[in-house]
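Just below is one structure, and these are the notes that go with it.
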Amino acid sequence: ALPNTNLHELFHKQAEITPNATALEFNKEKITYAEMQNRINATAGYLWQKGIKPGVTVAISLERSPDLIITLFSILQCGARYIPIDTGYPDVRTKLMIADAHATFFICTTSKKELDHSCQTIFVEDIVANGNEDFQKIDVSADSGAYIIYTSGSTGTPKGVITPQRGIRRLVIDNPFHGFSSSDRV
């Protein structure tokens, strides 16, 4: 049976079990579980102060990096869900996805500061500079939405579909088609 927990709690438990193990490796940078958990807490605290709370939808458009992964976990830790937006999308598509998903926040780099959209912008550069590791954990249901992913739009218009945290958890814990071990890299 799967534990009835959410994704950020699973990560936190792993950080307690193996704090000095490498959690994330990107280019030549290695981040331990303990370091990453501290950065997740700091980022979640900053996002919480900005108003990211349970049920809120956050659009995020960042290049693949440790900041992206840390920010995604932080959004989940606040009880919110995210909508990933490719950094290469044209502004028109980005704005359409933000509006369609009813996002109230948009996390991006300062390179997108001129994008005119309908929500509050948070620059990742500000998050990195202003985080606080004392974020108080809140209860987040495993049934809460983790992210919104858009279909290909076979009917003519792409549709956003909310994926719950339990759906992602099911992919990585005790799935019947592939197991993951500490030696695997994803």
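One is the number of the first residue; the rest follow in order along the sequence.
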Query raised in the report: Which residue, Ile122, Ile127, Val58, Ile107, forms the side-chain contact (heavy atoms from CB on, under 4.5 Å) with Lys50?
Result: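 Only one of Ile122, Ile127, Val58, Ile107 forms a side-chain contact (heavy atoms from CB on, under 4.5 Å) with Lys50, namely Ile122.
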Can you tell me how far apart [atom1] ([X]) and [atom2] ([Y]) are? Round to the nearest 0.5 Å.
X	Y	atom1	atom2	result
Ile52	Arg81	CD1	CZ	12.5 Å
Leu24	Tyr33	CG	OH	9.5 Å
Glu9	Leu76	CD	CG	11.5 Å
Thr94	Asp116	OG1	CG	12.5 Å
Phe106	Lys95	CZ	NZ	11.0 Å
Ile60	Cys108	CD1	SG	9.5 Å

Query raised in the report: Does atom NZ of Lys112 have more than 12 heavy-atom neighbours from other groups under 6.0 Å away?
Result: yes
Query raised in the report: Just wondering, are more than 12 heavy atoms of other shown residues or ligands nearer than 6.0 Å to CG in Asp86?
Result: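 Enclosed: over 12 neighbouring heavy atoms sit under 6.0 Å from CG of Asp86.
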Query raised in the report: Would you say Ile149 and Leu72 are hydrophobically clustered, going by side-chain heavy atoms of ILVMFWY under 4.5 Å?
Result: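 Per the 4.5 Å side-chain linkage, Ile149 and Leu72 are co-clustered.
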Query raised in the report: Phe26, Met36: one ILVMFWY side-chain cluster at the under-4.5 Å cut-off?
Result: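 No.
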Has the side chain of [X] got a donor or acceptor atom that lies under 3.5 Å from a matching backbone atom of [Y]?
X	Y	value
Thr43	Thr71	no
Lys53	Trp48	yes
Ser74	Ile40	yes

Query raised in the report: How about Gln120 and Thr104: do any of their side-chain heavy atoms sit closer than 4.5 Å?
Result: no
Query raised in the report: Do Leu115 and Thr121 touch side chain to side chain, with heavy atoms closer than 4.5 Å?
Result: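 Sidechains of Thr121 and Leu115: no contact.
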Report task. May I have the step-by-step check of side-chain contact (heavy atoms from CB on, under 4.5 Å) for Glu63 and Leu68, ending in yes or no? Result -> CA-CA 7 Å; Glu63 294 291 337; Leu68 171 63; over 6 Å; no
Query - Test side-chain contact (heavy atoms from CB on, under 4.5 Å) applied to Gln77 and Asn41, step by step - result: CA-CA 8 Å; Gln77 190 163 311; Asn41 290 344; 3.0 Å; yes
Taking all non-hydrogen atoms of both residues, which atom of [X] and which atom of [Y] are closest, and how far apart?
X	Y	answer
Ala44	Cys78	O-SG, 3.4 Å
Pro164	Ile162	CD-O, 3.8 Å
Val56	Gly51	CG2-O, 4.3 Å

Report task. Under the side-chain contact (heavy atoms from CB on, under 4.5 Å) rule, what do Tyr150 and Ile83 come out as? Steps first, then yes or no, please. Result -> CA-CA 9 Å; Tyr150 273 74; Ile83 173 172; 3.2 Å; yes
**Report entry** Ion pair check, Arg39 and Asp67, cut-off under 4.0 Å
**Finding:** yes
